[in-house]
Amino acid sequence: MSGEKRLKLAVFISGSGTNLQSLLDRSADGRLLGDVEVVISDRRDAYGLERARKHGVPAYVVEYGRYVREAGSRTAAYEKAEKEVLEILGNYSIDYVVLAGFMRLLTPYFLEHFRIENGVFRVINIHPALLPAFPGQHGYEDTFNYGCRWGGVTVHFVDEGEDTGPVIAQAVYPIFPEDTVETVRKRGLSLEYEVYAQVINWLARDMVQILPSNRGRPRVVITDPQYRDVLKKWVNFAFSSA
Ligand code: GRF
């Protein structure tokens with residue numbers, strides 16, 4: 001709970017990178033206690049690469065697809081790709097790896113390089129649903145098609161599973177009768193940007209505490225005295241965004 005510093009971030013993307021854009025903008029205008037040092041994409045055509053370059057942030061492609069085609073097993077392929085990623089990251093002293101629409105799992109081999117303690121690593125992800133509901137790649141579609149009246153976004157520590165790591169923060173947004181999956185996605189994404197930045201600021205301020213595991217799952221507690229106000233702010237934000 002000591003001071004506050006700016007975190008050095010490595011952002012991993014696979015696609016359009018609007019979360020990356022939000023982090024770049026907030027870093028530049030002082031709303032984020034962190035700087036994007038490097039961007040990594042598993043795909044050459046990810047638009048997020050352009051966004052990084054426009055901000056003067058080094059951006060690299062690590063071709064997971066090629067490793068998968070060449071290797072016998074997915075684990076072997078991913079570890080080879082991750083070795084290349086780690087070589088790049090070795091040139092930056094990264095505090096946190098921030099997954100922002102990165103469509104690959106990370107193996108224990110990679111995660112161990114960022115270990116905080118058993119089962120918790122300096123790697124975070126944002127997921128477009130209220131986990132453990134709707135893990136996987138289609139959070140907004142799944143939430144909408146299920147007929148949910150509220151959707152949510154989750155920021156969590158990453159483990160080797162798919163969207164299974166300890167939850168750090170969640171926020172919800174309403175789903176109205178006139179909504180479509182596209183309006184829901186738009187509302188959810190703008191909430192994602194708020195929540196992801198807040199979590200990074202909490203990490204920078206040392207306000208994310210990891211307590212001993214509760215039935216095998218580490219429990220994460222936010223020690224921000226303004227915590228309740230932040231939650232209220234998110235609810236208001238979700239109602240006021242289109
Ligand atoms: C977001 O909805 C994020 O929650 C999910 O992937 C999407 C990435 O969007 N993990 P973008 O590339 O940041 O626009």
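Excluded from the calculations below are hydrogen atoms, water molecules and symmetry mates; all remaining heavy atoms, backbone and side chain alike, are included. Atoms within a ligand are numbered from 1 in the order they appear, just like the ligands themselves.
- Between Ile126 and ligand 1, at least one N/O pair is under 3.5 Å apart.
- Within ligand 1, the atoms closer than 4.0 Å to a non-hydrogen atom of Ser16 are 12 (O), 14 (O), numbered from 1 in the order shown.
- Note: Phe134 and His138 fail the aromatic proximity criterion, with ring centroids not under 6.0 Å apart.
- One option in Ala129, Gly101, Gly17 has a heavy atom closer to atom 7 (C) of ligand 1 than any other, and that option is Gly101.
- Salt-bridge check for Glu87 with Lys83: passed, with a basic side-chain N closer than 4.0 Å to an acidic carboxylate O.
- In Tyr146, the OH atom is not crowded: 12 or fewer heavy atoms of neighbouring residues, nucleotides or ligands sit closer than 6.0 Å.
- Between Tyr67 and Tyr78, the distance from one ring center to the other does not fall under 6.0 angstrom.
- At a 3.5 angstrom cut-off on N or O pairs, Thr18 counts as close to ligand 1.
- Contact annotation: Ile13 has no heavy atom less than 4.0 Å from any atom of ligand 1.
- Using a cut-off of 4.0 Å between Lys/Arg side-chain N and Asp/Glu carboxylate O, Glu194 and Arg26 are scored as salt-bridged.
- Residue-to-ligand polar distances place Glu192 within reach of ligand 1: an N/O pair is separated by less than 3.5 Å.
- No more than 12 heavy-atom neighbours from other residues, nucleotides or ligands sit within 6.0 angstrom of CZ on Arg43.
- Close approach of ligand 1 to Pro128 is summarised as follows: ligand atoms under 4.0 Å from at least one heavy atom of the residue are 2 (O), 4 (O), 5 (C).
- Looking at atom 13 (O) of ligand 1, its nearest protein heavy atom turns out to be Asn19 N, 2.8 Å.
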